[in-house]
2 protein chains.
Amino acid sequence: MPEGRTGQGYSGESLLFLTDEQLRQGIEAMFFAYRGFTADPDRILAEMSYGRAHHRAIHFINRSPGTTVNNLLSILGVTKQSLNRVLRTLIGDGLVISKVGELDKRERHLYLTEQGQALEATLSDAQRARMRAAYKDAGPEAVQGFKTVLEAMMDADMRRAYAKLRD
Amino acid sequence: MPEGRTGQGYSGESLLFLTDEQLRQGIEAMFFAYRGFTADPDRILAEMSYGRAHHRAIHFINRSPGTTVNNLLSILGVTKQSLNRVLRTLIGDGLVISKVGELDKRERHLYLTEQGQALEATLSDAQRARMRAAYKDAGPEAVQGFKTVLEAMMDADMRRAYAKLRD
DNA sequence: CTTGGAATGTCAACAACACTGACATAAACT
DNA sequence: AGTTTATGTCAGTGTTGTTGACATTCCAAG
């Protein structure tokens, strides 16, 4: 087997050599970049006794105010027990409120309180600052490519969830 | 304030509008894509009783055979206690061997056994298959942009570690 | 109106993976 | 000889995830 050469060889029209080495670089880039991606919010969250799970919940509640627990569950891809523990602390700390549904009273609709919005803004600002700097460094064409590859990397159901949020 | 517009406005020469909305899409793309990125190896690892930490150790030992514990530590960005726990199980299970350094006998140089290489290949193949598919979908220019943005997103020391691995 | 099932919440137990702090050993450096 | 470096290990703790079991509420179908 030719060293480092992928089984596919050429990829049809694009003349794209995809050596294992190139793919491995992409894998490592994802690993190191994700660390940077979460580093700033992580530092802020560590000061309060929150973690990434709290950040994610806050992010998506802010993104879709009034979302139900079930909806959040499918976006975050965790069990209800895991999410519930996080939501309980956020509700207890007055960052999130949960309103019983009017149409369907089983459902709980989630909203950020003012305090919750303030934390969301702090976390988002930190994360957006890094993203903005990276985008600016890389330039607009790179950004387009970045998003295209990331989208192609998602599972089908996550791609749907992602597209839905872009409406 | 103009809705969704970032405080910076234009970004100088590139005429790049970076709305909070665009940045948030990038953030969400990273979140969902990273899930896809780790999904396939995670499934394989779950069957044996290993986790992502084992995968990362195996990956970088394979990448740099004979690397020392300290070197691995700085790449992975965890504590020695955390890494040691993982290495102990991998050595115990015969996937990794640790050789006392010849020049400096304090150092332990890490290598994958044949069995370790086999697992590495299985995990890598799964992850590379997804990466290859994503690259093929997105095309070569997108891939270049993808890597550029990811690199810009890293912390400085991680960018160094990443560059070093590319030699 | 009763029953089945869906949505939610809660309790308990557990595992993976990270952390800190403390301590031990061996080897290298000064 | 004394200090620093590299590594390993033990104990304790916290966050985040998992399963499994069970209760409550309430819509909807029979």
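Keep in mind that what you see is a predicted model, and the values were worked out from it rather than measured. Per chain, numbering begins at 1; letters A, B, ... match sequence-line order.
Less than 4.0 Å separates DNA chain C from no heavy atom of any residue of residues 32-48 of chain A.
Comparing the axis of the opening five pairs of the helix from C/dC1-D/dG30 to C/dT30-D/dA1 with that of the closing five pairs yields an angle of 20°, rounded to 10°.
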Would you mind writing out the side-chain donor-acceptor pairs for residues 44-54 of chain A within the sub-3.5 Å range, not counting sequence neighbours?
unit_1: A/Tyr50; atom_1: OH; unit_2: A/Asp93; atom_2: OD2; d: 2.3
unit_1: A/Arg52; atom_1: NE; unit_2: A/Asp42; atom_2: OD1; d: 3.3
unit_1: A/Arg52; atom_1: NE; unit_2: A/Asp42; atom_2: OD2; d: 3.2
unit_1: A/Arg52; atom_1: NH2; unit_2: A/Thr38; atom_2: OG1; d: 3.1
unit_1: A/Arg52; atom_1: NH2; unit_2: A/Asp42; atom_2: OD2; d: 2.8
unit_1: A/His54; atom_1: ND1; unit_2: A/Gly51; atom_2: N; d: 3.0
unit_1: A/His54; atom_1: NE2; unit_2: A/Thr89; atom_2: OG1; d: 3.3

Which donor-acceptor pairs under 3.5 Å do side chains of residues 71-79 of chain A form with protein atoms, sequence neighbours excluded?
unit_1: A/Asn71; atom_1: ND2; unit_2: A/Thr67; atom_2: OG1; d: 2.8
unit_1: A/Ser74; atom_1: OG; unit_2: A/Asn71; atom_2: O; d: 2.9
unit_1: A/Thr79; atom_1: OG1; unit_2: A/Ser82; atom_2: N; d: 3.3

With a 3.5 Å cut-off and sequence neighbours excluded, list the donor-acceptor pairs that the side chains of residues 137-151 of chain A form with protein atoms.
unit_1: A/Lys147; atom_1: NZ; unit_2: B/Gln22; atom_2: O; d: 3.4
unit_1: A/Thr148; atom_1: OG1; unit_2: A/Gln144; atom_2: O; d: 2.8

Practice prompt. Please step through side-chain contact (heavy atoms from CB on, under 4.5 Å) for the pair A/Leu165 and A/Ser64, ending with a clear verdict.
Written response: CA-CA 8 Å; A/Leu165 284 167; A/Ser64 311; 3.7 Å; yes

Practice prompt. Take A/Tyr34 and B/Met30, measure what side-chain contact (heavy atoms from CB on, under 4.5 Å) needs, and give me the verdict at the end.
Written response: CA-CA 8 Å; A/Tyr34 199 77; B/Met30 274 297 277; 3.9 Å; yes

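B/Leu119 contributes atom CG, which lies 4.5 Å from atom CD1 of B/Ile58 (distance to the nearest 0.5 angstrom). To the nearest 0.5 Å, atoms CD1 (B/Ile27) and OG (A/Ser124) are separated by 6.0 Å.
Aromatic rings from B/Phe31 and A/Phe60 are positioned such that their centres are separated by under 6.0 Å.
Residues satisfying the salt bridge (Lys or Arg N to Asp or Glu O under 4.0 Å) test with B/Asp125, not counting sequence neighbours, are B/Arg128. Contacts of B/Arg130 classified as side-chain hydrogen bond (donor to acceptor under 3.5 Å, both in side chains), with partners at least two apart in sequence or in another chain: A/Asp155, B/Asp40.
Listed by first and then second residue, the salt bridge (Lys or Arg N to Asp or Glu O under 4.0 Å) pairs that reach into residues 23-38 of chain B are A/Arg63-B/Glu28, B/Glu21-B/Arg24, sequence neighbours excluded. Annotation: side chain to side chain donor-acceptor pair (under 3.5 Å) contacts involving residues 100-116 of chain A, sequence neighbours excluded, comprise A/Asp104-A/Arg106.
By the 4.5 Å heavy-atom criterion applied to side chains, A/Met153 and B/Phe32 are not counted as neighbours. Two residues are said to be in side-chain contact when any heavy atoms from C-beta on lie closer than 4.5 Å; B/Leu112 and B/Glu120 meet this criterion.
In the 5' to 3' direction, nucleotides of DNA chain C lying under 4.0 Å from heavy atoms of chain A begin and end at C/dG5 to C/dC11.
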Discussion item. What does the B/S/- profile of nucleotides 24-30 of chain D look like, 5' to 3', with a 4.0 Å heavy-atom cutoff to protein?
Written reply: -BBS---

Practice prompt. Spell out protein contact along nucleotides 14-21 of chain D as letters: B when the base is contacted, S when just the sugar-phosphate is, - when no protein heavy atom is under 4.0 Å; keep the 5' to 3' order.
Written response: -SBBBBBB

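Under the 30°/60° scheme for interplanar angles, the aromatic rings of B/His55 and B/His59 are found to stand perpendicular.
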